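Below is one structure; the comments refer to it alone.
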Amino acid sequence: MPELPEVETMCRGIACFCGEIIATTQFPRYTRRPSPIEPRPRTMAAKLHRSRIMDITRLGKRAVLRIQHNETPVDSFLVFEPRMTGLLLRVSPPTQQHVRLAITTREKQRLIFWDRRGLGTITLIDKSTFEARFGSHALGPDALTITGAALHTKIHSSRRHIKVALLDQKILAGVGNIYASEILHEAKVDPRTRCHRLSQNTCDRIATACSRILHHAIKMEGSSIGDETYRTADNRPGRYQRFHKVYGRSDNKCFRCETKIQRVVQAQRSTFFCPQCQRRY
DNA sequence: CGTTCAACCTGGGCGC
DNA sequence: TGCGCCCAGGTTGAAC
């Protein structure tokens with residue numbers, strides 16, 4: 001579920017935790033660890049206790065809390081990866097059953113990571129591990145600030161479909177399945193176009209569309225489709241789904257040219273596009 | 001290099 | 001009403 005606009009909205013929604021000190025942590029039904037060497041819940045709880053949340057930032061589709069302990073003033077990073085159904089909440093969760101982490105601060109606020117499917121991850125790592133895992137070699141530039149030139153450089157020799165490349169977090173960080181379709185519709189590019197056929201000019205258009213769509217989606221606090229789906233930190237649905245031009249609209253008319261929107265499958269994921277006004281290069 | 005598949009999970013919706 | 005099947009916003013690693 002959560003892509004860049006949703007994670008950005010979550011981060012803004014929990015910004016009120018900055019500066020607060022962690023009093024209690026509970027990991028009921030903790031999610032599986034990203035890898036066997038990840039810290040266990042007990043280890044994390046011990047490190048988090050009486051630590052201060054220094055700041056909260058988004059890194060691609062992850063929320064990162066920088067943590068500092070009084071007695072060992074070295075940064076560590078609490079990283080949340082919501083994957084499909086993870087949510088960061090500061091109000092009561094939809095069910096108790098899927099609470100993966102509950103933090104109470106000394107100031108009596110509650111921060112909850114809730115994840116119905118349990119595919120999301122929580123990890124607490126030091127600076128060097130953080131950089132090894134999430135440095136620029138592992139993660140492309142943020143999708144909000146990608147330039148056409150940077151995109152062109154990254155993909156010009158690739159034979160992959162552009163839609164599949166946009167989902168690759170090494171190319172650019174933050175775009176997921178919903179926004180990839182929306183961006184290519186805005187840029188008027190067929191999702192099945194192979195990257196090496198895209199000119200610098202067309203890459204400029206994709207980068208511009210990327211920034212416009214994502215900024216608008218952030219303004220609307222992300223996309224919520226259905227009931228058990230993404231919510232803001234205070235448990236409200238986002239509103240950007242009202243602005244979707246292609247995602248989930250197969251067989252409906254394109255708003256731009258009235259042609260029927262098509263659904264195809266690429267890399268085992270649904271892609272929606274207008275076969276008339278999105279050009280194949 | 002690129003593509004496909006399975007796996008990690010839960011639960012909603014659908015056809016029968 | 002119940003059962004089995006398919007589907008879902010993400011990521012990873014193995015196989016071809």
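None of these values were measured; they are calculated from a predicted model. Just so you know, these numbers use all the heavy atoms, side chains as well, and skip hydrogens, waters and symmetry mates. Residue numbers begin at 1 in each chain, while the letters A, B, ... track the order of the sequences.
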How many Å lie between CZ on A/Arg117 and P on C/dG9, as a whole number?
-> 9 Å
Using a strict cut-off of less than 4.0 Å between a Lys/Arg side-chain nitrogen and an Asp/Glu carboxylate oxygen, indicate whether A/Asp251 and A/Arg263 qualify as a salt bridge.
-> no
Testing B/dT10, B/dT3, C/dG9 for proximity to the side chain of A/Ile225, the answer is C/dG9
Given B/dG2, C/dG9, B/dT10, which nucleotide is nearest the side-chain atoms of A/Ser158?
-> B/dG2
So, is A/His98 near the phosphate of B/dG11, with a side-chain N or O under 4.0 Å from OP1 or OP2?
-> yes
Between atom CG in A/Asp115 and atom P in B/dC8, what is the gap in whole Å?
-> 16 Å
Are the charged groups of A/Asp75 and A/Arg66 less than 4.0 angstrom apart, N to O?
-> yes
Base C/dG9 paired with A/Thr85 side chain (donor-acceptor, <3.5 Å) = no
Start at the 5' end of DNA chain B and walk down; is the nucleotide closest to A/Arg194 or to A/Arg100 reached first?
-> A/Arg194
So does A/Glu81 pair up with A/Arg62, basic N to acidic O under 4.0 Å?
-> yes
For A/Arg133, answer base if it contacts any base atom (sugar-phosphate contacts may also be present), sugar-phosphate if it contacts only those atoms, and nothing otherwise; contact means non-hydrogen atoms under 4.0 Å.
-> nothing
Using atom CZ of A/Arg116 as one end and atom P of B/dC8 as the other, report the distance to the nearest whole Å.
-> 18 Å
Reading DNA chain B 5' to 3', what string of ( ), [ ], | and . shows its pairs, if Watson-Crick and G-U wobble pairs count only when both distances fall under 3.5 Å?
-> .|||||||.|||||||
Using a strict cut-off of less than 4.0 Å between a Lys/Arg side-chain nitrogen and an Asp/Glu carboxylate oxygen, indicate whether A/Lys170 and A/Asp168 qualify as a salt bridge.
-> no
Which ring-ring contact (aromatic ring centres under 6.0 Å, His included) pairs, counting each pair once, include a residue from residues 249-281 of chain A, with sequence neighbours left out?
-> A/Tyr247-A/Phe272
Looking at A/Glu20 and A/Arg52, does any basic side-chain N land under 4.0 Å from a carboxylate oxygen?
-> no
Answer yes when A/Glu221 and A/Arg231 have at least one side-chain N-carboxylate O distance shorter than 4.0 Å, and no when they do not.
-> no
Rounded distance (Å) that lies between atom P of C/dC7 and atom CZ of A/Phe272 | 12 Å
Between B/dG2 atom C1' and A/Lys163 atom NZ, what is the distance in whole Å?
-> 16 Å
Under 3.5 Å, N/O pairs linking protein and nucleotides 11-14 of chain C:
unit_1, atom_1, unit_2, atom_2, d
C/dT11, OP2, A/Lys61, NZ, 2.9

Mind calculating the distance between CG (A/Leu166) and P (C/dG9) to the nearest angstrom?
-> 16 Å
Just how far, in rounded Å, is P of B/dC1 from NE2 of A/His161?
-> 18 Å
Does A/Tyr247 have a side-chain nitrogen or oxygen under 4.0 Å from the phosphate oxygens OP1 or OP2 of C/dG9?
-> yes
Side-chain H-bond candidate by donor/acceptor type, A/Asp126 with A/Thr129, under 3.5 Å | yes
Check the angle between the aromatic planes of A/Phe243 and A/Tyr240 and answer parallel, tilted or perpendicular using the 30° and 60° thresholds.
-> parallel
Quick one: on DNA chain B, does A/Gln266 or A/Leu119 contact a more 5' nucleotide (nearest heavy atom)?
-> A/Gln266
Figure out the CZ/P separation between A/Arg263 and C/dC6, and round it to whole Å.
-> 14 Å
Interatomic distance at C1', B/dT3 relative to C/dG9, whole Å | 22 Å
So what does A/Ser223 hit on the nucleic acid, given a heavy-atom distance under 4.0 Å: a base, only sugar-phosphate, or nothing?
-> base
Among A/Lys163, A/His161, A/Arg192, find the residue that satisfies the side-chain hydrogen bond (donor to acceptor under 3.5 Å, both in side chains) test when tested with A/Gln266.
-> A/His161
Given the P atoms of B/dC9 and C/dG13, what is the spacing between them in whole Å?
-> 16 Å
For B/dC8 and C/dC3, measure between their C1' atoms and round to the nearest Å.
-> 24 Å
